[in-house]
Amino acid sequence: MDNLEVARILGEIADLLEIKSDNPFKIRAYRNGAEIAANHPHQLATLDEASLREIPGIGKDLAARIREIADTGDAAFHRDLLAELPSTVLDLLALQGVGPKTVAALYRDLGIRTLDDLERAAIDGRVRSLRGMGAKKEALILRALEERRQHAGRHLLPETDEVATTLVDYLRAHAPGATVTPVGSLRRGCETCGDIDLLAAGADVSLMDHFVAHPLVERVTGRGDTKSSVLIRGGFQADLRLVAPESRGAALQYFTGSKAHNIALRDRAIGLGFKLNEYGLFRAGDDTAPVAGEREEDVYAALGLDWIAPELREMRGEIDAAQARALPRLLNLTDLRGDLHMHTTETDGKENVLAMAGAAREAGLEYIAVTDHSKSLAMANGMDERRTLAHAARIRSIDAQGIGIRLLAGVECDIKPDGSLDLADDCLAALDLVVASVHSGFNQDHRQMTDRLLRALENPYVDVLGHPTGRLLLRRQPYPFDVAAVIDAAGARGVALEINCQVNRLDLSDVHARLAKERGARLVVSSDAHSRSALRWLRWGVLVARRAWLTGENVINTLPLDVFRGQLRRNQA
DNA sequence: GCCGTTTTCGGCCCGACTGTTTTCAGTCG
């Protein structure tokens, strides 16, 4: 019983209570409990009730529920709720614009239990018969259903990584002599993954028996000696492929993809008188002795190419660059010296400045900017000018104590709908760094949103444009605006563009970040952490940066603090 | 459901936006 499963059940309880219009604070307690479980560094299932109760936010009831889940796999309270409401209504809740009240009304008055039920009702015009619903709401629901369809079956990268890691560890334990590696979109670092592809080289066929018997496996959809497919709880498909050790490199290459990259590579092989498949690179007409196959590097080398990092294998020019020996030296996580976007208990973060600084120091960072929210974000307890300056004074006073990491006093300042900033210029000027972000008014049209962002960039105290496109992966498209124009304006004014590492944002995307690099804009990779554990997310932003062909030189928070400060827009001549 | 304690009860981040209204309910963040 891992923490994620505990979190899933607590989260479902919260959702079900919400649909039932139960006490909002009780709902919050369960939701908070789910978040605690998902982010707790230790296995909750190994803690007794007294130890669980020591965790802030876990009281008598939640401790008992977590113990029950750990011991029995579920909680009676959860089962009772599911007896009142079918679990399929939880799918409705995931639709953009559909909340618990709507779900409750749909279920109670129209008997809608599933997404299919809802789609039929919306098409038939039955949804508008409900109090408070009209034609627009119906259209909204149909659009949300369509968006969901586009994303169906895909999962966020970290979620996929977590399940894959569980499977890989398990397979390695059952095949100690073999090498087991995640391949496919996960190895390429794609922002979302459709399935989990695993490669085992040098394992006995019996590994397949272990694979299909894994406790997370819900259904076995294919079972062979070299390839098996299963459905994993949580909606993942996972494939395991077995190859001989001498084919490991070729198989890694083949199963990592992308498809387009592989087609181009095989085409190149043919042109050079070879044949490339998952078993090796062979001279045409001779399948017996491979030219390369054990090491992936050798496959590329035999084709006259430098080894290409998996993140680049998307047919975006990597083969030409590899042939020209001109591939970039990609950014590494250890290159990052600073993190420029994080929140504390001053607004909606979970930890105080000192705790966040300590976690960043432990993560090996040399400096951080503390950037709590500005006043427009009332739900996050955003700061007005007075609080912003007082907070900055506290941050600087902690910094002055010398705590082994340097602190910058910043703010994440809202960009208002007209493009003005949420805090007065003299306040922004008094800080070390300002991240400016859009958090509301997403429904402006292309022209309005472009003007809004361009106007924000004109403010001389804006140093970084935070999560520039506002997208939420698998949930919300970027707001419409002229991305190239905004990138150009940022580049011209010396404003850095953020790669936000929140796992459902990853914003800028790889494609836009690469555009930014090509247009000469500078970038930063920032965690947007609201808790200590979220600093780990920097890893995902680095993957985006790598997929964007970024090197350390393109990302200014790789610089030592004194040099970095000179690169901030506010400190430029 | 959790928390604190001068309080074992009473408080718990709440404003913007939308679509439905005729003064508000629901959703989002």
Side-chain angles (χ1 to χ4, degrees), chain A residues 10-11 13-37 49 52-66 68 75 77-78 81 92-106 108-109 122 127-144 343-350 372-384 387 412 414-418 422 437-445 448-449 466-467 470-472 475-477 479 500 502 504-505 507 528 530:
Chain A
L10 295 179
I13 291 175
D15 286 343
L16 291 160
L17 289 174
E18 201 161 23
I19 295 169
K20 285 184 62 185
S21 296
D22 210 308
N23 176 356
F25 302 108
K26 184 172 171 180
I27 293 162
R28 184 187 300 173
Y30 273 99
R31 192 147 284 143
N32 188 36
E35 201 171 320
I36 289 167
E49 220 165 298
L52 287 169
R53 288 200 60 178
E54 284 173 19
I55 302 170
I58 306 293
K60 182 166 169 290
D61 290 35
L62 276 174
R65 300 257 191 259
I66 292 171
E68 186 187 0
F77 185 48
H78 181 234
L81 287 167
L92 308 180
L93 212 50
L95 294 173
Q96 186 80 8
V98 177
K101 296 292 189 293
T102 307
V103 171
L106 290 168
R108 185 187 58 231
D109 298 339
V127 171
R128 71 184 70 178
S129 70
L130 295 178
R131 183 178 171 73
M133 311 250 188
K136 285 195 176 169
K137 188 74 178 177
E138 262 174 8
L140 193 91
I141 285 172
L142 286 170
R143 196 178 69 202
H343 299 271
T344 70
T345 45
E346 182 64 23
T347 58
D348 63 348
K350 298 267 187 286
D372 275 300
H373 288 291
S374 64
K375 61 179 185 261
S376 284
L377 217 57
M379 74 89 172
N381 188 27
M383 306 178 293
D384 60 13
R387 277 180 59 206
E412 182 183 16
D414 261 52
I415 298 171
K416 296 202 281 191
D418 65 357
D422 192 25
S437 309
V438 168
H439 287 115
S440 61
F442 297 118
N443 291 331
Q444 292 182 323
D445 66 25
Q448 289 171 315
M449 189 57 89
H467 42 74
R471 73 170 179 171
L472 293 179
R475 195 164 166 82
R476 183 175 74 202
Q477 296 294 315
Y479 32 71
N500 183 295
Q502 284 213 20
N504 62 341
R505 287 195 187 270
D507 179 12
D528 197 358
H530 287 64

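In what follows, every chain begins at residue 1, and chains take the letters A, B, ... in the order their sequences are listed.
Using atom P as the reference point in both B:dC13 and B:dC2, the two lie 16 Å apart (nearest Å). Annotation: B:dC17 and B:dT22 have their P atoms spaced 23 Å apart (nearest Å). If you take atom C1' in B:dG15 and the same atom in B:dG1, they sit 25 Å apart, rounded to whole Å. Between B:dC14 and B:dC9, the distance separating the two P atoms is 24 Å to the nearest Å. Between B:dT20 and B:dT27, the distance separating the two P atoms is 13 Å to the nearest Å.
Regarding contacts with the backbone of B:dG1, a side-chain N or O of A:Arg65 is found under 4.0 angstrom from either OP1 or OP2. Residue A:Arg28 has a polar side-chain atom (N or O) positioned under 4.0 Å from OP1 or OP2 of B:dC13. A:Ser440 has no side-chain polar atom (N or O) that falls below the 4.0 Å cut-off from OP1 or OP2 of B:dG15.
Of the possible polar contacts, none joining the A:Arg53 side chain to the A:Ile58 backbone as a donor-acceptor pair under 3.5 Å is found. Judged purely by atom type and a 3.5 angstrom limit, A:Glu18 has no side-chain atom pairing as donor or acceptor with the backbone of A:Ile27.
In this structure, the CG atom of A:Asn500 is 14 Å from the P atom of B:dG29, given to the nearest Å. Atom pair A:Asp15:CG and B:dG26:P shows a separation of 17 Å (rounding to whole Å applied).
Distances were taken from every side-chain heavy atom of A:Phe442 (C-beta onward) to each of B:dG1, B:dG29, B:dG19; the shortest belongs to B:dG29. When distances are taken from the side chain of A:His439 to each of B:dT20, B:dG29, B:dG1, the shortest belongs to B:dG29. In the set B:dG1, B:dC17, B:dC13, the nucleotide with an atom closest to the side chain of A:Asn381 is B:dC13. Listed nucleotides: B:dG26, B:dC2, B:dG29. Nearest to the side chain of A:Lys101: B:dG26.
For the pair A:Met133 and A:Gly59, both in contact range of DNA chain B, the more 5′-proximal nearest nucleotide belongs to A:Gly59. Looking at which nucleotide of DNA chain B each of A:Leu93 and A:Tyr30 is closest to, the 5′-most match is held by A:Tyr30.
Residue-level contact check: A:Leu17 touches neither bases nor backbone, having no heavy atom under 4.0 Å from any strand. Counting any heavy atom pair closer than 4.0 Å across all strands shown, A:Ala135 reaches sugar-phosphate atoms only and no base atom. At a threshold of 4.0 angstrom between heavy atoms, the contacts of A:Pro24 with the nucleic acid are absent. Among the protein residues, A:Asn32 comes within range of no part of the nucleic acid, since none of its heavy atoms lies under 4.0 Å from any strand.
Using a 4.5 Å heavy-atom cutoff, the side chains of A:Thr102 and A:Met133 are in contact. Here the side chains of A:Arg31 and A:Asp15 are in contact, with some heavy-atom distance below 4.5 Å. Within the 4.5 Å cutoff, the side chain of A:Tyr30 has heavy atoms near those of the A:Arg65 side chain.
Using cut-offs of 30° and 60° for the angle between ring planes, the A:His467 and A:His439 rings count as perpendicular.
Base pairing analysis places B:dC12 opposite B:dG1; the two distances defining the Watson-Crick or G-U wobble pair are each below 3.5 Å.
No donor-acceptor contact under 3.5 Å links the side chain of A:Asp61 to the base of B:dG1.
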